[in-house]
Amino acid sequence: IEGEPNVNGTLVQQHLRDREKLIALEKTHRQDHIFRQSLSPTAKRADEIVQAIRQHEIDNYWRVAATDGQRERFAGEVFPYARPYISNTILWKVIKHMPKGALLHAHLSAMLPYEKIVKIIIQTEGMVISASQPLNTEDAKQNATFTFAHNNGTISTSQSRIDVSEYIPDTQVPVKTAAANFEGGEAAFIEFIKSKTTIPPEESVRHELGVDEIWRRFQACFGPTGSMIQYEPVVRKFYQTLFQDLASDGISWVEIRTGGSHGKLVHNGDEEIDPDLDAWWHVLVEEIDKFKATELGKSKNFLGARVIWSDARIKNRASITKSMKIALQRKQNFPQLFSGYDLVAQEDLGRPLSDLAPELVWFRQQSEALNLTIPYFFHAGETLGDGNSTDLNLFDAILFNTRRIGHGFSLYKHPNLIRQVIEQNVMVEVCPISNEVLRLNEDILHHPLPAMIAHGIPTAISNDDPAILGQDVAGLSYDFYEAIQAFDNIGLAGLGALAQNSLRWANFEDQSGEDWIQDIDRGEHGNGTKAKHIQGWNREWETFCKWVVDEYGPKYAAL
Ligand SMILES: O=c1[nH]cnc2c1ncn2[C@@H]1O[C@H](CO)[C@@H](O)[C@H]1O
């Protein structure tokens, strides 16, 4: 036996060089590779600083040993437990500040926290609530359903509480009165509404109960939301609050999934739904324009919103066809607001896309005959399965030329599809917190996002149903935070690429398939609307990176 291990030995040094090369080679396949290559010196500096901030907080803030009865804490732990700690971090402040581009995957009735909606309702003249039974016990509160409505003042005044045994089921009580008289007052009333419309942390973490169980709870949360966002004055304030919150979070464009049976409106001073289905669309057009003209809308350069018409895949053929006909009419009347088409609700239990092939082919033929551009933006692969019908939806989605895939959680199991998705420029709308709470990944560390990026799959981050699933804010900051927190390979530059992708795959205006692909290929170098918006974001990104360097450079440079 001779000598000692020596770090300066030729073979050791060779190994370390090979290692660097191999890691670098691996990274050239990443979807964010080109974006990283083109970072300005300031952006590179910001990336390094944020890396230092992140590591410092992983070591000194998140890593906390278990003490009597308390769990051990760690970076990347389940979102519902991490959430209260996130807002104390510097990394959070950085993420909040970041320009995030477009929110491409979110369902309207679960976009704005219900506390905000209920407060709007309480303040709106003539809003009433009725419950299916007196809410005087915990059991009753759990079992009851409730409905909001507008009433022109003809209600009986004998009932002023919904949480006493004397309450007569289905009687309307002014919301303001019911809330004020609720045991515990308005705060307790809001808590009650939230208990019926949100998934609490203690439920979210129970992964042992599986996907179907959480989907039953999740789906039930949507029940009361229909009647919340129907009365015009409420709807208008809802949109203004929503757009304010999105813009304040650095989001400049949003594609909202809704429609189907949801697009109904009760006009100011009315009690009944307007049979003219355009009414709902008119209001949204007006509110988008109104917000864009506000100080905040202008200062944040808010670009607007479009709607992805969404039908519940659980519906029978006839009602899907009927809804498609209504969709075609709306597209004719509101070509700019109407973006595309999707099918929603639990994929595992609803109709697979292959089952709906006749309807989807027919719909495409109809829109072509009418000279309408209605691309597909399908949910697909939101499953743990491999080869089950939800997983196979990915194949149909690609064959139907989906322009983006919602979730695509199981895509990483399909090498050939991955190749096709990359070649055909299809982007995956990744919703990390939604996937976690709906029990696909136990925590962010188990999410396939880094695998998708590493394989070169275009991805962007969305929040899906933040009012229900626990983010409890309209913006994207928590989902962005989870992504950067969990994976060393992402970093600020990786988040930047994800944000820029969101604009590159945003459906700003009707385009033929060819033009759509060309604009994605050209990205910031194109000459159309999309390139202009990406260039706008690039400028915001530089300003943001400079802010990071100025604000945190001095302190974190040394770390
Ligand atoms: O992650 C999702 N995957 C599929 N469908 C969803 C998801 N989140 C919400 N919805 C569906 O959208 C409808 C409201 O517009 C709800 O019925 C819900 O099932």
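Since the structure is predicted, the reported quantities are computational estimates derived from the model, not experimental observations.
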In sequence, state the C-alpha distance, the side-chain angles, and the governing distance for Trp505 and Val426, and then conclude on side chain to side chain contact (heavy atoms under 4.5 Å, CB included).
CA-CA 8 Å; Trp505 272 270; Val426 179; 5.9 Å; no
Worked verdict on Ser410 versus Asp391 for side chain to side chain donor-acceptor pair (under 3.5 Å):
CA-CA 6 Å; Ser410 65; Asp391 180 44; 2.6 Å; yes
So Arg404 and Val428, side chain to side chain contact (heavy atoms under 4.5 Å, CB included) or not? Walk me through it.
CA-CA 6 Å; Arg404 304 194 299 254; Val428 182; over 6 Å; no
How close do Thr459 and Val430 get, counting heavy atoms only, and between which atoms?
CG2-CG2, 3.8 Å
Quick test of your reading of the model: are Glu202 and Arg206 salt-bridged, counting only N-O distances below 4.0 Å?
no
Asp249: salt bridge (Lys or Arg N to Asp or Glu O under 4.0 Å) partners, not counting sequence neighbours:
Lys96, Lys100
Hey, is Arg63 close enough to Glu72 for a salt bridge, meaning N to O under 4.0 Å?
no
Which pairs count as salt bridge (Lys or Arg N to Asp or Glu O under 4.0 Å) when at least one residue sits in residues 445-462, sequence neighbours excluded?
none
Mind checking ring pair (Phe, Tyr, Trp, His ring centres under 6.0 Å) for Phe363 and listing every partner two or more places apart, or none if nothing turns up?
Tyr341
For atom CD of Glu26, decide whether the heavy atoms of other residues, nucleotides or ligands shown that lie under 6.0 angstrom number more than 12.
no
Asn393 side chain near Phe378 side chain, heavy-atom distance below 4.5 Å:
no
Side-chain ion pair, Asp311 and Lys315, N-O less than 4.0 Å
yes
Look at the side chain of Asp465 and the backbone N and O of Ile468, then say whether any donor-acceptor pair between them is shorter than 3.5 Å.
no
Between Arg439 and Gly210, is there a donor-acceptor pair closer than 3.5 Å when you use the side chain of the first and the backbone of the second?
yes
Please tell me whether His379 and His107 form a close aromatic pair, meaning their ring centres lie under 6.0 Å apart.
yes
Using ring centroids (six-membered ring only for Trp), state whether Trp547 and His97 fall under 6.0 Å.
yes
Is any side-chain N of the basic residue among Asp163 and Lys141 closer than 4.0 Å to the acidic one's carboxylate O?
no
Min side-chain heavy-atom separation Val421-Met427 under 4.5 Å:
no
Tyr61 six-ring face occupied by Arg73 cation (under 6.0 Å, within 45°):
yes
Donor-acceptor pair, distance only, cut-off 3.5 Å: does the side chain of Asn463 make one with the backbone of Ala474?
yes
Examine distances only and state if a side-chain atom of Ser462 and a backbone atom of His105 form a donor-acceptor pair shorter than 3.5 Å.
yes
Set out, in order, the CA-CA distance, both residues' side-chain angles and the distance that settles side chain to side chain contact (heavy atoms under 4.5 Å, CB included) for Asn501 and Gln31, then state yes or no.
CA-CA 10 Å; Asn501 280 349; Gln31 202 275 333; 2.8 Å; yes
By salt bridge (Lys or Arg N to Asp or Glu O under 4.0 Å) - contacts of Lys237 (at least two apart):
none
Walk me through whether Asp488 and Arg54 qualify under side chain to side chain contact (heavy atoms under 4.5 Å, CB included).
CA-CA 9 Å; Asp488 292 66; Arg54 171 180 174 273; 3.2 Å; yes
CA sep, side-chain torsions, deciding dist, call: Trp253, Glu255, side chain to side chain donor-acceptor pair (under 3.5 Å)
CA-CA 7 Å; Trp253 172 260; Glu255 288 175 33; 2.9 Å; yes
Under 4.0 Å between a Lys/Arg side-chain N and an Asp/Glu carboxylate O for Glu359 and Arg351?
no
Close side-chain approach of Ser339 to Val307, heavy-atom, < 4.5 Å
no
Just by modelled atom types, is the Leu343 backbone N or O under 3.5 Å from a matching donor or acceptor in the Arg313 side chain?
yes
Can you check salt bridge (charged side-chain N to carboxylate O under 4.0 Å, His left out) on Glu115 and Lys119, steps first, answer last?
CA-CA 6 Å; Glu115 178 162 358; Lys119 284 186 174 158; 3.3 Å; yes
Counting heavy atoms not belonging to Glu183, are there more than 12 under 6.0 Å from its CD?
no
For the side chain of Asp32 and the backbone of Ala497, is there at least one donor-acceptor N/O pair under 3.5 Å apart?
no
With a 4.5 Å heavy-atom cut-off, do Tyr239 and Phe291 have their side chains touching?
no
One thing to verify: whether Glu429 and Arg257 come together as a salt bridge, which I'm taking to mean a side-chain N less than 4.0 angstrom from a carboxylate O.
yes
Check this for me: does any side-chain nitrogen of one of Glu77 and Arg71 sit under 4.0 Å from a carboxylate oxygen of the other?
yes
Ring-ring centroid check His29 His455, cutoff 6.0 Å:
no
Could you walk me through whether Phe148 and Tyr231 pass the ring pair (Phe, Tyr, Trp, His ring centres under 6.0 Å) check?
CA-CA 9 Å; Phe148 291 101; Tyr231 182 53; over 10 Å; no
Aromatic plane relationship, Trp537 with Phe35 - under 30° parallel, 30 to 60° tilted, over 60° perpendicular
tilted
Answer yes or no: is there a side-chain heavy-atom contact under 4.5 Å between Asp386 and His414?
yes
Any donor-acceptor pair under 3.5 Å from Ser204 side chain to Val437 backbone:
no
Smallest heavy-atom separation, Ala327 atom then Phe338 atom, equals O-CE1, 3.3 Å
Shortest non-hydrogen contact between Ile193 and Ile129, atoms and distance:
CD1-CD1, 4.4 Å
Side-chain touch Met111/Val254, heavy atoms, less than 4.5 angstrom
yes
Smallest heavy-atom separation, Leu476 atom then Ala102 atom, equals CD1-O, 4.2 Å
Take the angle between the ring planes of Phe222 and Phe218 and call it parallel below 30°, perpendicular above 60°, tilted in between.
perpendicular
Check: Phe409 ring centroid to His447 ring centroid under 6.0 Å
yes
Return the set of residues passing ring pair (Phe, Tyr, Trp, His ring centres under 6.0 Å) with Tyr478 (not counting sequence neighbours), or none when no residue passes.
Phe79, Trp92
So, does Asp47 use its side chain to make a donor-acceptor pair with the main chain of Leu492 at under 3.5 Å?
yes
So, Asn441 side chain and Glu436 main chain: donor-acceptor pair closer than 3.5 Å or not?
yes
Residues in salt bridge (Lys or Arg N to Asp or Glu O under 4.0 Å) with Arg236, at least two apart?
Glu232, Glu286, Glu287
Pair Tyr85 + Tyr81: ring centers closer than 6.0 Å:
no
Residue pair Asn507 / Phe377, side-chain heavy-atom distance below 4.5 Å
yes
If you look at every heavy atom in Ile229 and Ser109, which pair is closest and at what distance?
CD1-CA, 4.0 Å
Check whether any side-chain N or O of Thr198 sits under 3.5 Å from a backbone N or O of Lys194 as a donor-acceptor pair, and report yes or no.
yes
Test item: Met98 and Val548 side chains (from C-beta on) under 4.5 Å apart, heavy atoms
no
What one should report as the nearest heavy-atom pair of Leu303 and Phe508 is CD1-CE2, 4.1 Å
